[in-house]
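Side chains are part of it too, since the values below use all heavy atoms of this structure and drop only hydrogens, waters and symmetry mates. As the structure is a prediction and not an experimental result, all values here were calculated from the model. Ligands are counted one by one from 1 in listed order, and the atoms in each one are counted from 1 as well.
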Amino acid sequence: MDYISTRNASLRVSAAQAIATGIAPDGGLYCPAALPALSAAELERFMNLDYKSRAAVILGKFLTEFSAEELQDFTQQAYADEKFGGADTAPVVSLKDGKHILELWHGPTCAFKDMALQILPYLLTASLKKIGEQRTACILVATSGDTGKAALEGFSDVPGTKIMVYYPAEGVSPMQKLQMTTQQGKNVQVIAIRGNFDDAQSAVKRIFTDKATIDKLNAEGMMFSSANSINWGRLAPQIAYYVSAYCDMVKSGAVKLGEKVNICVPTGNFGNILAGYIAKQMGLPVHKFICASNSNNVLTDFFRSGGTYDRNRPFYTTTSPSMDILVSSNLERLLFLVSGQDSGMVANLMQQLSETGKYTVPESLSAKITADFWAGCCDDAKAAQTIRALWDGEHYLADTHTAVGVRVYEDYRAETGDKTPTIIASTASPFKFCRAVVEALGGTLENDDVTQLDVLSGMTGLAAPAPLAALAGKQPRFDLTVDKESILGTTDLLSAL
Ligand SMILES: *Cc1c(COP(=O)(O)O)cnc(C)c1O
């Protein structure tokens, strides 16, 4: 199967090339040239498979240069029981009123990023081999918190790779910072940038395009690569868990095979929900996608306004920081898919976005989009109420991001009367955003995040995930903070790894 750039449909590469390079040279995102099909008979066969095998089959449909054995081997290692707390890699917890919570945070860093970043290192190193690349891949990551730790954990001590993560000194939670700065591994480096996430992101983009730095690295046998969600190797593994969740719901009797479900996703960069949309295009029976945002509701306005995307607005720091984002990069892939691969139109809209911060899609396109998507948003106060109500009413503990999804789903159900069973993506462990969750339950705050794990455990009787509990008392290995102007100099550290 070939991959084409969203900005130039005549630019075609193999899956291995798409994964190894991350982004198309024209700045577009790689998309499959045609989406593979998923039949009802196949879904039925999935019933008796575990998550690892379901994921290997789904990945095989997209990564045709990889053998079935290769992919089985990768999913067995990436989703090993000891890394995901058991064989139930992504369990579905069914609650009242049509809510089926798909828990995507049982991996080593306690957020859904692990579902893709545990397997990406296997896909990336195999892709480099397949295209005959001999150089060491240097993965650069700009993070607002969760991606950085998940990428470090995935690439730590993976032969043929080095990884350097840049995080905004003022923009991550104490827990996220401690997770990153205590990372083990000989090939890892973690650096704080003075400024916010946008500063970190644009500084990293500068490295990627700096010719002198690229040449210097090349001379030392190294090349740059990316682990952000623009990389197809991160999106493909996410398609599998929607298919798997549907199978689990059929098995539990929540739906009959072939019956439709809704999918509701707390959304930032639009990667997670897009993976669900692709599953539907392949044949998964889905009625509506519910796109849930926090106060940074640029996507809510996009879907509700009939297709005007406008990032010119205030940026809010919320209790769901992984969704604090104003440019949702994977929306570009949706426009490309829904328009029947109209790369000229997509290139034009993306140029408008970079020049004016806004664009409006043609009416015919917006009609097609709203047939599949419903959107809503939820502020911090409502998210906190939702955490409290879920705990008091159903004894289910949700994190702040998941709470945004649950609340927007409740609004959807009230507004439309649609009672279709709904998969709600739960994207992080409540213990990862402990402070806000303790507050939502009416608890008292301590200053130290790690201490608060005990507070939340005490209030709920639930145990904190082992990887978070293990952070207590750990000494940070990395304490370098730089100005964004001096970021190019930090690439010297790659040679030393
Ligand atoms: C990254 C993240 C999101 C947003 O996912 P997108 O794919 O960017 O839409 C939501 N919740 C958590 C906890 C995350 O880490």
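Between the side chains of K432 and Q179, at least one donor N or O lies within less than 3.5 Å of an accepting N or O.
The environment of OH in Y316 is sparse: at most 12 heavy-atom neighbours from other residues, nucleotides or ligands sit within 6.0 Å.
Side-chain N or O atoms of R413 include one that pairs as donor or acceptor with a backbone N or O of D97 at under 3.5 Å. In this structure, D380 contributes its side chain and T318 its backbone to no donor-acceptor pair below 3.5 Å. Between the side chain of Y166 and the backbone N or O of G148 there is no donor-acceptor pair closer than 3.5 Å. The closest donor-acceptor contact from the side chain of S366 to the backbone of G307 lies at 3.5 Å or more, if one exists at all.
Near ligand 1, F112, K113, D146, P266, T267, G268, N269, F270, G271, N272, S322, M323, H401, T427, A428 each place a heavy atom less than 4.0 angstrom from the ligand.
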